[in-house]
> 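Below: one structure in structure tokens.
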2 protein chains.
Amino acid sequence: MVRKPTSKETARKPNMREAILAAAEELFATNGFNAVSVRDIAQAAGANPGSVTYHFKTKDGLLLEIYRRHCGPMNLRRSELLAAAKRVRDLQDRLEAIVRAYVVPAFTSGSDLAGGGARFTRLRAVMSAEGNEVARRIIAQTFDDTSHAFIDAIHESLPHIPRTEIVWRSHFLLGALYYSLVTPERVARLSRGEADGSDAASAIEQLVQATVAAFQAPALDQTAPARRRAVASSKT
Amino acid sequence: MVRKPTSKETARKPNMREAILAAAEELFATNGFNAVSVRDIAQAAGANPGSVTYHFKTKDGLLLEIYRRHCGPMNLRRSELLAAAKRVRDLQDRLEAIVRAYVVPAFTSGSDLAGGGARFTRLRAVMSAEGNEVARRIIAQTFDDTSHAFIDAIHESLPHIPRTEIVWRSHFLLGALYYSLVTPERVARLSRGEADGSDAASAIEQLVQATVAAFQAPALDQTAPARRRAVASSKT
DNA sequence: ATGTGATTTGTACTATCGTACAAAAGATCA
DNA sequence: TGATCTTTTGTACGATAGTACAAATCACAT
């Protein structure tokens, strides 16, 4: 038997709910939350504005559902890759593997949708910049566990660096990651066309390489703040 | 004579124009462009909504004026610091001075207003995330020269790294910089209160230290792509 | 085929948006 | 003081926002 799926399950092609989610994700990620209207989303999805209300009740509810859809799979994938990375023996290699485990799912698919990882990460970047309340709540209670796991793992492979500095550097990593997804065309522009900021593969390699080096930098070590390098004539 | 200033020049206290600019800058930087209404801005500035129209014609015009106000002084300060940094003899020290010249004006005042630099930088971060058209135009034609100057200066102190990779890494620097200003509370949260993300001084030190190390990382070198490190069991 | 629940459509309501504009108020100088 | 220019105020208008809701339509088990 062919087993035609029930509408309660996943319908095949004309799934309005999914189309709305995808359209909203795309529009929110590129224009921000407030710049996009429910009518914009409906039009992009080929749906009726009222249909959005039916499926998600409110605009906030729609954003919430986008997060729900992605958070689980993405964190799962990261956890798997982190577990694998922690088994790497060589400390240098392990650090790189850990960073890669953090970066790769953010750039590529982390769920059913192809390329959904990058789009969702970009969405998170934009929501965080806008200070979106819905996003802030979800992020703190969903991603902080994973973030701590990564920070701890990195700390284990760099025991001589204070945890506080690991936090700072992983924060920088996330910022660099976000920004790479938000304005990839800037890389192409500044490199005069020699680099393609939209190429996920090279973005990942560049980011991993740079970040590993950043993590390995000597600690500032606030317990011994003696070493203060002079900057030539910084006062005008 | 006391020389009461003409209204054409800078009036002393009840300068509505300045108050509106400051309020708009603050609100845009924390909530994004579209989430803030002209009425919100007027109220925060203690002004009448119509007054905003009078001084800046449109909401876009207001944003434009904020950029105009800051871009000049900030780039000037950066150029001064960059020129000083390029005079540093030791290559390692010079690199650090260059990075510092890029970072410091973004975190502190770059204009007349105290703390204006950080607020303006945060504004730029948010506008770039939202893909704001007005901001995009100004940024490309105002900051790209400075960005190229910094990239070239860094390249000179790291001649063995391809320029393309310098571009990537300075792009990461800007992303980290932006993100540090957008969500400083995340640093405090993840470090369990041990670090203060809002402390500009430590943010600068951490960022400079990490970034210098990132710039000094060996090049990926696309001409010799042989060295490909294996990552343990990255497929599930 | 028909009834039933799920979905889609169309429309309407209220709130708020950006902006325009006339009138009031304030400042400047002969 | 009175004339003139700048600034502020108050109000209004059209557009669009989010959301509610009844009617129409669809999918599917019986």
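Reminder, nothing fancy here: chain letters follow the sequence lines and each chain counts from 1.
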> Please work out which of the three classes, parallel, tilted or perpendicular, describes the rings of Trp168(B) and His171(B), given edges at 30° and 60°.
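Taking Trp168(B) first and then His171(B), their aromatic rings stand perpendicular (interplane angle over 60°).
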
> Apply ring pair (Phe, Tyr, Trp, His ring centres under 6.0 Å) to Phe215(B) and list each qualifying residue two or more places apart in sequence or on a separate chain.
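Residues passing ring pair (Phe, Tyr, Trp, His ring centres under 6.0 Å) with Phe215(B): none at all.
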
> OP1 or OP2 of dG10(C) sitting under 4.0 Å from any side-chain N/O of Asn48(A)?
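So the side chain of Asn48(A) is within the cut-off, an N or O lying under 4.0 Å from OP1 or OP2 of dG10(C).
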
> Using a 4.0 Å heavy-atom cut-off, write out nucleotides 18-23 of chain C from 5' to 3' as B (base contacted by protein), S (sugar-phosphate only) or - (no contact).
BBS---

> Output all residues satisfying ring pair (Phe, Tyr, Trp, His ring centres under 6.0 Å) with Phe56(A), sequence neighbours left out; order by chain, then residue number.
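If we apply the ring pair (Phe, Tyr, Trp, His ring centres under 6.0 Å) test to Phe56(A), skipping adjacent residues, there are no hits.
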
> Output the rounded distance in Å from CD (Gln43(B)) to P (dG10(D)).
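In whole Å, dG10(D) P and Gln43(B) CD are 13 Å from each other.
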
> Answer yes or no: does a side-chain N or O of Tyr54(A) lie under 4.0 Å from OP1 or OP2 of dT7(C)?
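So the side chain of Tyr54(A) is within the cut-off, an N or O lying under 4.0 Å from OP1 or OP2 of dT7(C).
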
> Would you kindly give the CE-to-P distance between Met16(A) and dC26(D), to the nearest whole Å?
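So the CE-P distance, Met16(A) to dC26(D), works out to 14 Å.
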
> Can you list every side-chain hydrogen bond (donor to acceptor under 3.5 Å, both in side chains) pair that touches residues 33-45 of chain A, not counting sequence neighbours?
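Only Ser37(A)-Asp40(A) qualify under side-chain hydrogen bond (donor to acceptor under 3.5 Å, both in side chains).
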
> For dT8(D), does OP1 or OP2 lie under 4.0 Å from any side-chain N or O of His55(B)?
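Affirmative; the distance criterion is met.
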
> If you assign each of Ile20(B) and Ala35(A) to its closest nucleotide in DNA chain D, which residue comes earlier from the 5' end?
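With Ile20(B) and Ala35(A) compared, the 5'-side residue is Ile20(B).
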
> Between P on dT6(D) and CZ on Phe56(B), what's the gap in Å once rounded to a whole number?
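Rounded to whole Å, this separation is 17 Å.
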
> Taking atom P of dT8(D) as reference, at what distance in whole Å does atom CD of Glu18(B) sit?
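So the CD-P distance, Glu18(B) to dT8(D), works out to 12 Å.
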
> Which residue pairs pass the side-chain hydrogen bond (donor to acceptor under 3.5 Å, both in side chains) test when at least one of the two sits in residues 140-150 of chain A, sequence neighbours left out?
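Non-adjacent pairs meeting side-chain hydrogen bond (donor to acceptor under 3.5 Å, both in side chains): Asn75(A)-Thr146(A), Asp144(A)-Arg189(B).
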
> Applying side-chain hydrogen bond (donor to acceptor under 3.5 Å, both in side chains), which residue pairs with at least one partner in residues 190-204 of chain A are found, sequence neighbours left out?
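Every pair satisfying side-chain hydrogen bond (donor to acceptor under 3.5 Å, both in side chains) with a residue in residues 190-204 of chain A: Glu194(A)-Thr164(B), Asp199(A)-Ser202(A).
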
